[in-house]
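The block underneath contains the structure these notes are about, expressed in structure tokens.
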2 protein chains.
Amino acid sequence: MTRAADSAYNTIRGMILSGELSPGSQLGEEALAERCGVSRTPVRDALRRLEADLLIRRTGTQRSFVADWSLADVEDAFTLRAMLEAHAAMRAAERMDDAVLEQLKHCNDRIRRAIALPRPDTAEFVEANRALHMLILNQARSRRLAALLGTLIEQPVVWRTAQQYGSEQLQRSCSEHDELICAFERRDGAWAHAVMSAHIHRAFHAYADAHKGIAPDRKGSDNCVQFSGTTPQLAHPVGELG
Amino acid sequence: MTRAADSAYNTIRGMILSGELSPGSQLGEEALAERCGVSRTPVRDALRRLEADLLIRRTGTQRSFVADWSLADVEDAFTLRAMLEAHAAMRAAERMDDAVLEQLKHCNDRIRRAIALPRPDTAEFVEANRALHMLILNQARSRRLAALLGTLIEQPVVWRTAQQYGSEQLQRSCSEHDELICAFERRDGAWAHAVMSAHIHRAFHAYADAHKGIAPDRKGSDNCVQFSGTTPQLAHPVGELG
DNA sequence: CGGCGGGTATTTGTATACAATAGCGTGCCG
DNA sequence: CGGCACGCTATTGTATACAAATACCCGCCG
């Protein structure tokens with residue numbers, strides 16, 4: 001990951017998520033290239049990826065702006081994530097093998113230890129949590145699903161949410177994982193599906209509560225795909241349906 | 001869409017879907033550039049998009065190969081599409097306005113006329129069908145959802161499927177649209193969800209039947225995300241979960 | 001005062017050259 | 001005869017120059 005394009009991707013992504021680049025502001029390739037210390041070529045690469053992540057928006061003429069996320073947008077992302085990750089849990093349950101089960105238990109033990117401390121170790125919590133969810137996604141055995149979820153999950157959002165978590169919520173998260181593992185042990189896809197769905201929805205509300213009043217829902221940020229009209233030119237034309 | 005990058009994208013995509021480039025074969029940027037009549041720069045752009053579509057796979061060192069799709073992969077894509085597009089139909093039903101409803105009816109009238117002919121007009125069917133599904137997706141008002149479905153729907157697959165359709169199946173598709181419109185008229189999200197889900201699942205089986213024996217499920221095409229091991233470097237690291 | 005048009009400056013798109021790196025074959029050594 | 005290492009070749013990554021398109025500004029005209 002030492003390539004300039006990846007470096008640019010991470011740098012720009014960081015600047016967006018940290019708020020260093022304010023929503024709605026234009027991202028000139030030249031300016032970004034300078035700030036990242038690389039040429040425009042890898043920046044263009046990075047911009048394309050960020051566009052796929054919906055972290056930036058592009059006008060019909062390919063000018064890039066930092067996307068402004070309303071709470072509704074975030075809820076949307078969480079809803080879709082709940083749907084897809086629940087599906088992943090179901091598939092994983094149906095395919096679960098004992099080795100992975102052990103690894104899952106190991107992850108949740110790490111989480112348990114991290115939150116048992118007087119001052120919970122947030123970094124360890126986030127990392128072990130990440131690993132656990134990834135094991136499940138991997139076990140679901142679906143490249144498509146993995147690709148879709150990849151664009152849906154903004155780790156920094158998780159991080160910030162976890163920091164806001166009280167010890168009570170950390171423990172709830174951990175025991176939800178326990179239940180998930182139970183469902184996996186029984187190879188009960190429906191159970192795993194339900195638990196995972198609840199897990200994600202709860203996470204959304206934790207996020208929403210933490211951000212109440214801080215980032216109120218924007219006014220007219222129309223959360224729709226621009227249709228017909230004047231040559232919108234989306235990267236992946238929505239037109240291709242069947 | 002006259003840009004070289006788009007032209008390259010469409011050209012390469014066409015070559016992949018038509019089978020001109022056989023699954024597993026390597027895609028050299030230089031060679032593609034020559035065949036597309038452009039330089040490597042727009043080709044690289046196109047490759048990144050195709051990678052997001054999962055039409056090509058990249059090794060850890062970014063060498064590109066035509067993805068080989070097993071029937072299981074296709075089923076996977078249809079399953080996810082059913083989930084997401086059903087969700088879109090539900091959201092659309094809850095937000096439906098009368099103008100769009102009229103447009104939907106108009107689309108399905110086009111479909112009705114196209115399949116009423118002695119020799120059904122497949123092109124018109126596909127186009128009106130596309131427009132109808134797109135209207136629904138647009139009405140769902142979710143950028144995220146639109147982005148996810150965009151990568152999931154391979155129009156050429158639809159096209160080939162439609163060509164295989166007998167008049168009976170074309171009519172079934174049309175009447176399913178009718179039922180969908182009924183659900184929209186009543187603003188019944190659950191109904192719309194169910195009908196759409198069934199609609200897509202039926203389409204998958206039409207596809208599977210048409211390809212039975214033609215493209216049998218490949219042997220070990222492991223449909224899983226490559227995990228840990230030796231620096232897999234996925235475009236959107238699956239690691240970023242929470 | 002507002003809208004239109006043209007010109008300029010900014011921004012993105014493309015091509016090309018060069019650099020770095022992975023893959024691969026060959027030949028040497030054990 | 002097998003394996004390792006070296007070096008060559010093919011392929012991708014990056015930078016830069018230039019071309020094309022567009023947004024913006026300013027002046028003109030209604």
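Numbers restart at 1 for each chain; the letters A, B, ... are given by sequence-line order, proteins then strands. All values derive from a computational prediction rather than experimental measurement.
- With sequence neighbours excluded, no residue forms a side-chain hydrogen bond (donor to acceptor under 3.5 Å, both in side chains) with Arg95(B).
- Across Met90(A), His177(A), His133(A), a single residue satisfies side chain to side chain contact (heavy atoms under 4.5 Å, CB included) together with Met196(A), and that is His133(A).
- Here CG of Asp109(A) is found 9.5 Å from CD of Glu102(A). Values are rounded to the nearest 0.5 Å.
- Within the structure, every side-chain polar atom (N or O) of Gln62(B) is placed at least 4.0 Å from both OP1 and OP2 of dT11(D).
- Annotation: side-chain hydrogen bond (donor to acceptor under 3.5 Å, both in side chains) contacts of Glu127(B) (sequence neighbours excluded): Arg130(B).
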Protein-proximity profile, nucleotides 17-24 of chain C, B/S/- by nucleotide at the 4.0 Å heavy-atom cutoff, equals -----SS-

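- Between Asp76(B) and Arg91(A), at least one side-chain nitrogen of the basic residue sits less than 4.0 Å from a carboxylate oxygen of the acidic one, meeting the salt-bridge criterion.
- Note that CG of Asn108(A) is 9.0 Å distant from CG of Leu180(A), once rounded to the nearest 0.5 Å.
- Comparing atom distances between the Val38(B) side chain and each of dA15(C), dT12(D), dT14(C) picks out dA15(C) as nearest.
- Atom pair Arg57(A):CZ and dT12(C):P shows a separation of 17 Å (rounding to whole Å applied).
- Within the 4.0 angstrom heavy-atom criterion, only backbone atoms of the sugar-phosphate kind lie near Leu27(A); the bases stay farther away.
- Ranking dT14(D), dT12(C), dA15(C) by closeness to the Arg3(A) side chain, first place goes to dT14(D).
- One can place CG of Leu32(A) at 11 Å from P of dT11(C), the figure rounded to the nearest angstrom.
- Going from atom CZ of Arg48(A) over to atom C1' of dT14(C) covers 13 Å, rounded to whole Å.
- Rounded to whole Å, the distance from CZ on Arg44(B) to P on dT11(D) is 14 Å.
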Check: residues 31-39 of chain A side-chain donor-acceptor pairs under 3.5 Å, at least two apart:
{"residue": "Arg35(A)", "atom": "NH2", "partner": "Glu20(A)", "partner atom": "OE2", "Å": "2.5"}
{"residue": "Ser39(A)", "atom": "OG", "partner": "Thr41(A)", "partner atom": "N", "Å": "3.3"}

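- By the ring-ring contact (aromatic ring centres under 6.0 Å, His included) test, Phe204(B) pairs with Phe78(B), sequence neighbours left out.
- Taking only side-chain nitrogens and oxygens, Ser39(B) comes nearer than 4.0 Å to OP1 or OP2 of dA15(C).
- Between the CD atom of Glu29(A) and the P atom of dT14(D) there is a distance of 15 Å, rounded to whole Å.
- For the pair Arg58(A) CZ and dA23(D) C1', the computed distance is 16 Å after rounding to whole Å.
- Distance Leu47(A) CG to dG13(C) P: 10 Å, rounded to the nearest Å.
- In the helix from dC1(C)-dG30(D) to dG30(C)-dC1(D), the rotation axis of the first five pairs and that of the last five pairs differ in direction by 20°, rounded to 10 degrees.
- With a 4.5 Å cut-off on side-chain heavy atoms, Ile56(A) and Ile12(A) do not count as touching.
- Of the listed nucleotides (dT11(C), dT14(C), dT14(D)), dT14(C) has the atom at the smallest distance from the side chain of Pro42(B).
- Distance, Glu30(A) CD to dC18(D) P: 14 Å, rounded to whole Å.
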